[in-house]
Amino acid sequence: MATEPKFIVLVGPPGAGKGTQAVKLHEALNLPHVASGDLFRQNLKDETELGLKARSYIERGELVPDDVTIAMVMERLSQPDCVNGALLDGFPRTIAQAEALDQALAARGQKISVVPYISVPDEVLVERLSGRRLCRVCGKSYHILFNPPRQPRMCDEDGGELYQRDDDKPETVRNRLKVYWERTSPLIDYYRRRGVLVEINGDQPIEKVAADLRTAVADD
Ligand code: AP5
Ligand code: MG
């Protein structure tokens, strides 16, 4: 367990490998993995009120409004396993969300330790997202070419069926990239100005990105 509180924010476009790398870092650092997209997808599956509010935005590749998103993530961060830190994946995604996170951590006497920015060219992202498959049971992520399961269409961990996310259709992917550049990329400068940003080349094999990330979070 980390000795000092450690809050790591993974920033990067859709398909950069935030989820893939967060799972590895979670194992290496024993920090809870808090992924806003996963929290929304769980709410959609459970048909909660929050899921109903979020559905149309997610289907169109738009951002869910800040008030709904901030409340959901803050509730997750207030749980006991997050008192010593968390690995945030997909949140914050707007300046308003970043400010809300800074304020909430400051109120706890804590702050963000490091923000790895995983950069990948847009053309590579489209290829990654169109080949992504997820396990229906445990949510583990694969790629049909770059990170295939041992058996076709079956999860290595639990044999669960692999499926494609609805928002990984090409037209929705294009909108997610546009929204990323308009609304989320300003976070790169926001965190650079605060001296916590570390750029990671995400256009490398998964294990090489993982090694670079481990170095980046160990040095902070
Ligand atoms: P979310 O689930 O967060 O989606 P995203 O940011 O679009 O990111 P992805 O999960 O698509 O990409 P990733 O970087 O995790 O890549 P992965 O590791 O899977 O959000 C979904 C929606 O929820 C949003 O569109 C929005 O509507 C809503 N939402 C979520 N958070 C929100 C917020 N804060 N505010 C408002 N709305 C919010 O990798 C992708 C693929 O590439 C995989 O197949 C993987 O195997 C492969 N791969 C990974 N790394 C490599 C590599 N190095 N080489 C080759 N292949 C690789
Ligand atoms: Mg993800």
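Every number for a ligand or one of its atoms is a count from 1 in the order of the listing.
- At least one heavy atom of Ala16 sits closer than 4.0 Å to an atom of ligand 1.
- Taking all heavy atoms of Glu207, Gln164, Arg132, Lys208 into account, the minimum distance to atom 19 (O) of ligand 1 is reached by Arg132.
- In terms of N/O distances under 3.5 Å, ligand 1 is not approached by Val209.
- Using a 4.0 Å cut-off between heavy atoms, Tyr142 contacts ligand 1 through its backbone alone, with no side-chain atom that close.
- Contacts with ligand 1 closer than 4.0 Å are made by side-chain heavy atoms of Leu129 only, the backbone lying farther away.
- For ligand 1, the atoms lying closer than 4.0 Å to a non-hydrogen atom of Phe146 are 55 (C), 56 (N).
- With a 4.0 Å cut-off on non-hydrogen atoms, Arg165 touches ligand 1 through its side chain and not its backbone.
- Heavy atoms from both the backbone and the side chain of Pro14 come within less than 4.0 Å of ligand 1.
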Would Phe7 and Leu31 satisfy side chain to side chain contact (heavy atoms under 4.5 Å, CB included), going step by step from the backbone distance to the final call? CA-CA 9 Å; Phe7 290 88; Leu31 284 173; over 6 Å; no
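- Annotation: Lys18 places an N or O atom under 3.5 Å from an N or O atom of ligand 1; distance criterion only.
- Atoms of ligand 1 found under 4.0 Å from any heavy atom of Gly19 (numbered from 1 in listed order, with element): 13 (P), 15 (O), 18 (O).
- In Pro13, the part holding a heavy atom less than 4.0 Å from any atom of ligand 1 is the backbone.
- Under 4.0 Å from ligand 1, the heavy atoms of Thr69 that appear belong solely to its side chain.
- Among Arg176, Glu59, Gln97, the residue whose heavy atom sits closest to atom 7 (O) of ligand 1 is Arg176.
- Under a 4.0 Å heavy-atom criterion, Ser141 is in contact with ligand 1.
- Stacking of Arg183 on the aromatic ring of Tyr180 is not recorded, the 6.0 Å distance cut-off and the 45° axial limit not both being met.
- For ligand 1 and Thr20, the ligand atoms under 4.0 Å from any heavy atom of the residue are 17 (P), 18 (O), 39 (O), 45 (C), 49 (C).
- Selection from Arg93, Glu62, Arg55 by nearest heavy atom to atom 26 (C) of ligand 1 gives Glu62.
- Gln110 places no side-chain N or O within 3.5 Å of a backbone atom of Lys6 that could act as its donor or acceptor partner.
- Here's the thing with Pro92: none of its N/O atoms is less than 3.5 angstrom from an N/O atom of ligand 1.
- Distances below 4.0 Å separate heavy atoms of His143 from the following atoms of ligand 1: 44 (O), 46 (O).
- Side-chain atoms of Lys18 never come within 3.5 Å of backbone atoms of Gly90 as a donor-acceptor pair (strictly under, hydrogens ignored).
- Within 6.0 Å of the CZ atom in Arg76, the count of heavy atoms belonging to other residues, nucleotides or ligands exceeds 12.
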